[in-house]
Amino acid sequence: MDHFLYRDGRLMAEDVDLAAIASEIGTPFYCYSAATLVRHYQLFDEALSGLDHLVCFAMKSLSNLAVLKLLGDLGAGMDVVSGGEYARAKAAGVTGDRIVFSGVGKTREEMALALTGGIRQFNVESEPELRALSEVASGLGKTAPITLRVNPDVDAKTHEKIATGRKQDKFGVPIDRARDIYALAASLPGIEVVGVDVHIGSQLTSLDPFEQAYLKIAELTRQLRADGHDIRRLDLGGGLGIPYARSNEAPPLPSDYGALIKRTVGDLGCEIEIEPGRLISGNAGVLVAKVIYVKEESDRRWIIVDAAMNDMIRPAMYGAHHDVVTLIEPEAGVALEEADIVGPVCESGDTFARSRPLPPLKEGDLIAFRSAGAYGAVMSSEYNSRPLVPEVLVKGDHSAVIRPRPTIDEMLGRDTLPEWL
Ligand SMILES: *Cc1c(COP(=O)(O)O)cnc(C)c1O
């Protein structure tokens, strides 16, 4: 469910006319709905009610400070994967005791930053990382609370590039090695074992892989406790998928996911953390673009728009589908015509949709790519020297630019010429 609906024939973001934003700041731009973000966060929070829990937003999916502040003020924790994300979470007012640090390649500098600023836990992904963290923490006279990210060897049945829980994937330690590494952790200075972590992938559309993984985690928790470790926290990762195409069957609901968590690990008495990203932010955002040209040759039609793969790379990178709607509601019963929607970048991969049935479109018309809130703006770049796409946040009838479009001069001003040139 989201808050991008037609009202009087115009596509609204809550109570704000998207076309009005377009005429004010130009296109392309991302627009997020605060009500949708809040609703999705609360669905997870409610799904875990009755359990001691913390919903940590996977901020790599959408990391604008305004969005982080919105969620952080509701009590959300943050799942960060870099020093930059850690700094963003702190800048948005999230305290260290609500920040978990994930990722296979945390540097010593990043560890020191988080240890100094305060951290709920590090989700450690390898033995060398554990040893490095022990050294950094001891050197600072601190103790690093840790979970070990366990790779349960479960196939999440998702896109190859975002499956993370099979033994060939680079993430975590194999579950059959976990007890040895926990024993090592318990012996290292500056390390305090607090729990177990797992994250098997993204855009999962079935609960089965979660169930398989969580049952393995429950069993491991019992073994680790028998080994003498005080396992009091389980971080169950993120990954619940969203419906990208309205026509598709709906992925599982957060409430079903919560029930599954209670069924599989609820009896362990652990504090539960989850790290949803996409399900909170995905359908809370749209990317608005303008038609530059309509090009027709023999039997093909291309709608050339002013957004491109640098603004939203998901179709090029993952073959992702995004529903496309016009900002002016098409008349009922209008004939749809198939077309490819493409951007101006000099790569054939710069294609948002192929043979998509669309209402009639002409130069200057505005369209929106739906479900663009997650892994959209955060993955944007200035490829082709296209200024970074701006972001807008809407709440009721309020709207604000939360990251402006850089001017061409600002963009060029970041390069420096060496004196000897
Ligand atoms: C990417 C990621 C998430 C979030 O995944 P979503 O599919 O966006 O929910 C959570 N935890 C970790 C460790 C991740 O890498």
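We count ligands from 1, going down the list as the structure has it; atoms in each ligand are counted the same way. Computed over heavy atoms, backbone and side chain alike; hydrogens, waters and symmetry mates excluded.
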Can you check whether His322 and Tyr244 have ring centres sitting under 6.0 Å from each other?
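Yes: the rings meet the under 6.0 Å criterion.
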
Under the salt bridge (Lys or Arg N to Asp or Glu O under 4.0 Å) rule, collect the residues that match up with Arg301, sequence neighbours excluded.
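Counting only residues at least two positions away or on another chain, Arg301 forms a salt bridge (Lys or Arg N to Asp or Glu O under 4.0 Å) with Glu296, Glu337.
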
Less than 4.0 Å between a side-chain N and a carboxylate O, is that true for Glu129 and Lys106?
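Yes.
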
Short N-O contact, Glu211 and Arg263, less than 4.0 angstrom:
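Answer for the salt bridge query: yes.
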
Would His53 and Asp45 count as having a side-chain donor-acceptor pair, cut-off 3.5 Å?
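Side chains of His53 and Asp45: pair found under 3.5 Å.
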
Taking C-beta and beyond as the side chain, do Met78 and Leu71 meet within less than 4.5 Å on heavy atoms?
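A side-chain contact under 4.5 Å exists here.
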
As a test of reading the model: which N/O atoms of the protein lie under 3.5 Å from N/O atoms of ligand 1, and at what distance?
{"from": "ligand 1", "atom 1": "7 (O)", "to": "Ser202", "atom 2": "OG", "distance (Å)": "2.3"}
{"from": "ligand 1", "atom 1": "8 (O)", "to": "Arg278", "atom 2": "N", "distance (Å)": "2.7"}
{"from": "ligand 1", "atom 1": "8 (O)", "to": "Tyr375", "atom 2": "OH", "distance (Å)": "2.5"}
{"from": "ligand 1", "atom 1": "9 (O)", "to": "Gly239", "atom 2": "N", "distance (Å)": "2.8"}
{"from": "ligand 1", "atom 1": "9 (O)", "to": "Gly277", "atom 2": "N", "distance (Å)": "2.9"}
{"from": "ligand 1", "atom 1": "11 (N)", "to": "Asp79", "atom 2": "OD2", "distance (Å)": "3.2"}
{"from": "ligand 1", "atom 1": "11 (N)", "to": "Glu275", "atom 2": "OE1", "distance (Å)": "2.5"}
{"from": "ligand 1", "atom 1": "15 (O)", "to": "Lys60", "atom 2": "NZ", "distance (Å)": "2.7"}

